[in-house]
Amino acid sequence: MSELSCGIRLADDEDARTFELSDYEGARARWCPGCGDHSVLTAMQKLLTAEQLRPESTVFVSGIGCSSRFPHYMKTYGFHGIHGRALPVATGIKLHRPDLDVFVVMGDGDCCSIGAAHWVHALRYNPDMVVLLLDNGIYGLTKNQTSPTTPQGLPSNTQPRGSFLPALNPLTVSLGVTNASFVAQTAEFVPAHLYATLRAAYRHKGLSFVRVLQRCPIYTPGIYADAVKKPALVELLVHEDGIPVPEIEGIYKQHLHHDPRDLHAARRLAEDHDPIRLGLFYRDENRPRYEDLRRVAPKTSQERIALLNAELDRYAV
Ligand code: SF4
């Protein structure tokens, strides 16, 4: 018999369970055919299988948007929240239950617009969880409105003559936040790189921010079309302490040696959009995590029952 930090006791035969891919498959995904979200879902289910995460100890949190349907498609706990509020919900879960594996899935409208303040502060709080920004450069669920990451000049329903402003850069924003501890970029159309990045993000102790370049064939079919067809437009960040993906290095032949401990170099490299850089920009495992600073020693079941009885006794007549 073993006991989780929350006091839940597990029988030995529960600890010995092994999980198959199907143990993580929730409802059938309703995204459009060809949507890049399918690729991320597959990689995530594969990761949970490889890491043998207990479904009852795993939580997916989302806000609103196409990608925010993610928790419905995982057979774990999930919280499909309100627009832009995935991160405070997830931070609260992690603070109360640090033993859980927490994943957050947001789109670019969710994270970079209405949720932008939460994004900045979650990076600074650095709770141990994986945060995915599925960036397709548009509001897809509400049918084609300009988002903060829409490329300048791209028409939408809200800006039919083309997006007025230069696109916000989620990497430079994240790398500019004090206490950010893990910032990476990958693409759902490079599945091996996507999987390796998710695995590195999961194993990092602290908030892992991963921008996933994601195709939306309905509203922004052009923004990654060239990069999908021409590997020469993609540059891999390589380093022995980075995220090695040797099986694709022969296809993506542009490599840039980058030490992920070098924050200043990471910021400089993140400024460029051309070529598209995939890899680990920055990682520092020694950054403080909010749940460690604020942790209250877990109580046993007996202690919790005694506290509950004492509380109830206050109202005894
Ligand atoms: Fe995916 Fe775009 Fe369809 Fe939304 S609208 S499900 S992002 S392809």
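Heavy atoms only: backbone and side chains are in, while hydrogens, waters and symmetry mates are out. Each ligand, and each atom within it, is numbered from 1 in the order the structure gives.
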To check you understand the geometry: which heavy-atom pair defines the closest contact between Q152 and F164, and what is its length?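 Shortest heavy-atom contact: NE2-O, 2.9 Å.
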Closest heavy-atom pair and its distance - V40, L194: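 Nearest heavy atoms, V40 then L194: CA-CD2, 3.9 Å.
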Does H257 NE2 have over 12 foreign heavy atoms under 6.0 Å away?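 It does: H257 NE2 has more than 12 such atoms within range.
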What protein N/O/S atoms are found closer than 2.8 Å to atom 3 (Fe) of ligand 1?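 Result, waters dropped: C32 SG.
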Do V234 and F281 sit in the same hydrophobic cluster, where Ile, Leu, Val, Met, Phe, Trp and Tyr count as joined when their side-chain heavy atoms come under 4.5 Å apart?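 No, V234 does not connect to F281 through the hydrophobic network.
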In the protein, what heavy atom is nearest to atom 7 (S) of ligand 1, and what distance, to one decimal place, separates them?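 Sorting protein heavy atoms by distance from atom 7 (S) of ligand 1 puts N136 ND2, 3.3 Å first.
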Looking at D128 and R289, is there a salt bridge between them, counting it only when a charged N and a carboxylate O are closer than 4.0 Å?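 So R289 does not pair with D128 through a salt bridge.
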Aromatic plane relationship, H83 with Y139 - under 30° parallel, 30 to 60° tilted, over 60° perpendicular: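 Ring orientation of Y139 relative to H83: perpendicular.
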Tell me if a side-chain donor or acceptor on R261 pairs with a main-chain N or O of R283 at a distance below 3.5 Å.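 Such a contact is absent between R261 side chain and R283 backbone.
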Taking only non-hydrogen atoms of Q214, do any sit less than 4.0 angstrom from ligand 1?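 In this structure, Q214 qualifies as a contact of ligand 1 - some heavy atom is under 4.0 Å.
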How does L141 reach ligand 1, by side chain, by backbone, by both or by neither, if only non-hydrogen atoms under 4.0 Å count?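 Looking at L141 and ligand 1, no heavy atom falls under 4.0 Å.
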